[in-house]
Protein chains: 2
Amino acid sequence: MGIIRKTESVELLLKEFHDTETALSTIELIKRLGKRINKTTIYRVLSKLEEDGVLHSFLGFDGVKWFARCKSHTQVQISDIHPHFQCISCGKTECLDIKVDIPKLVNREVLLSQFIIKGKCNLCVA
Amino acid sequence: MGIIRKTESVELLLKEFHDTETALSTIELIKRLGKRINKTTIYRVLSKLEEDGVLHSFLGFDGVKWFARCKSHTQVQISDIHPHFQCISCGKTECLDIKVDIPKLVNREVLLSQFIIKGKCNLCVA
DNA sequence: CTTATATTTGCAACTTAGTTGTAATAACTA
DNA sequence: TAGTTATTACAACTAAGTTGCAAATATAAG
């Protein structure tokens, strides 16, 4: 069950994602909004937005959950899978607009996959 | 600084990995060995074995750390990257012997990548 | 506009994976 | 065998995320 009511929490969170092209970690969102929204609410709204296909999530190398806007605004499909890039210098984490081939696995059913790349982003590589 | 002394903890942990083809989570290892080895020691030995290139690690979809034997027994190189498969039914998690093409990213330096696939394994797909 | 009701929120307490500091123990070296 | 130094256990801690519940509030109905 996703978002049903337009509340302040929902609007504040959506605004954060509208104001950026990159992914945002739960930690960062709690840092930014924790004084106005309780962290429990932040977690709950994020997962509802994910259910609604507004956001998608993935785990960073540190095991922290990250969220980013979905371009297609529909429930994430296996075919939508794109890699994510995490910069070790500035921390910026973003979706890569690249198609990844999920290997065909005989005798196995593939339900979800996650491809994450760690390195230095365009600004930090210098 | 990796493993320097052959201690009982090291041998017990290595035995677990020798007795299986699959990956093992820290949680599982603590369950199995927690009465004989303190969990702190388990964490420390595992990370030393990783430094030594005996094991490599990755994060499962739940954010829990998994370890598996390295085939090459050398420090993990970017080029060694292979995907991991995690079964949602039985929990079995294993290395896939498949080569993954890491996309070339202009203006970015790639240091590490992780590709994990979730689904049903050969035994659970039926 | 007011009321009813069901969703949403805040709070506090909890869970769990993993880490840190330190004193005691044990493996290796000379 | 003694000395050095890595390793271990223990307890206390950290940090991300979860749960239960009472209070607050968005929305629909009247």
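Each chain gets a letter, A, B and so on, in the order the sequences are listed, and its residues count up from 1. Heavy-atom basis, side chains included; hydrogens, waters and symmetry copies ignored.
The nearest whole Å value for the distance from the CD atom in B/Glu8 to the C1' atom in D/dA9 is 13 Å. Whole-Å rounding puts the A/Trp66 CH2 to D/dG17 P distance at 11 Å. Between the NZ atom of A/Lys48 and the P atom of D/dA26 there is a distance of 14 Å, rounded to whole Å. Put simply, OH on B/Tyr43 is 16 Å from C1' on D/dA11, counting in whole angstrom units. To the nearest angstrom, P of D/dT7 lies 16 Å from CG of B/Leu12. Taking atom CD1 on B/Ile42 and atom P on D/dA9, their separation rounds to 8 Å, with Å as the unit. Distance CD1 (A/Ile4) to P (D/dT27): 11 Å, rounded to an integer number of Å. B/Glu11 has its CD atom 15 Å from the C1' atom of D/dT8, to the nearest Å.
If you check every strand for non-hydrogen atoms under 4.0 Å, A/Ile27 touches sugar and phosphate atoms only. Here A/Lys6 lies in heavy-atom contact (under 4.0 Å) with sugar-phosphate atoms only. Within 4.0 Å of B/Ile30, counting heavy atoms only, lies no atom of the nucleic acid at all. Nucleic acid contact class of B/Lys65 (heavy atoms, under 4.0 Å, all strands): sugar-phosphate only.
To the nearest 0.5 Å, atom OG1 of residue B/Thr22 and atom CH2 of residue B/Trp66 are 7.5 Å apart. Taking CG of B/Leu14 as the start and OG of B/Ser9 as the end, the distance is 10.5 Å to the nearest 0.5 Å. Rounding to the nearest 0.5 Å gives a distance of 8.5 Å between CZ of A/Arg108 and CD1 of B/Ile117.
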Using distance only, find each side-chain donor-acceptor pair of residues 37-45 of chain B under 3.5 Å and give its atom names and separation, not counting sequence neighbours.
unit_1, atom_1, unit_2, atom_2, d
B/Asn38, OD1, B/Thr40, N, 2.8
B/Asn38, OD1, B/Thr40, OG1, 3.0

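Residues forming a salt bridge (charged side-chain N to carboxylate O under 4.0 Å, His left out) with A/Asp101 (at least two apart in sequence, or on another chain): none.
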- Task: Just do the side-chain contact (heavy atoms from CB on, under 4.5 Å) check on A/Ile98 and B/Leu105 with the steps written out, would you?
- Result: CA-CA 10 Å; A/Ile98 293 175; B/Leu105 304 175; 3.6 Å; yes
- Task: Mind running side-chain contact (heavy atoms from CB on, under 4.5 Å) on A/Lys120 and A/Ile88 for me, showing each step along the way?
- Result: CA-CA 6 Å; A/Lys120 290 192 181 174; A/Ile88 56 160; 4.2 Å; yes
- Step by step, work out the side-chain contact (heavy atoms from CB on, under 4.5 Å) result for B/Phe17 and B/Leu49. CA-CA 11 Å; B/Phe17 284 97; B/Leu49 288 170; 5.7 Å; no
- Message: For a side-chain contact (heavy atoms from CB on, under 4.5 Å) check, start with the C-alpha distance between B/Leu59 and A/Phe61, then their side-chain angles and the critical distance, and finish with the verdict.
- Response: CA-CA 7 Å; B/Leu59 290 181; A/Phe61 279 94; 5.6 Å; no
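Not one N or O on the side chain of A/Glu16 forms a donor-acceptor pair closer than 3.5 Å with the backbone of A/Leu29.
Between A/His84 and the options A/Glu94, A/His56, A/Lys118, a side-chain hydrogen bond (donor to acceptor under 3.5 Å, both in side chains) holds for only A/His56.
Between B/Ser9 and D/dT7 there is no side-chain polar atom (N or O) within less than 4.0 angstrom of OP1 or OP2.
Applying the salt bridge (Lys or Arg N to Asp or Glu O under 4.0 Å) definition to pairs two or more places apart or across chains, those involving residues 19-30 of chain B are B/Lys15-B/Asp19, B/Glu21-B/Arg69, B/Glu28-B/Arg32.
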Identify all pairs in which a protein N or O lies below 3.5 Å from an N or O of nucleotides 20-25 of chain D, and state each distance.
unit_1, atom_1, unit_2, atom_2, d
D/dG20, O6, A/Arg44, NH2, 3.4

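Nucleotides of DNA chain C with any atom under 4.0 Å from a heavy atom of chain A span, from 5' to 3', C/dA6 to C/dA12.
Summary for the helix from C/dC1-D/dG30 to C/dA30-D/dT1: the axes at its two ends, each from 5 pairs, differ by 30° when rounded to the nearest 10 degrees.
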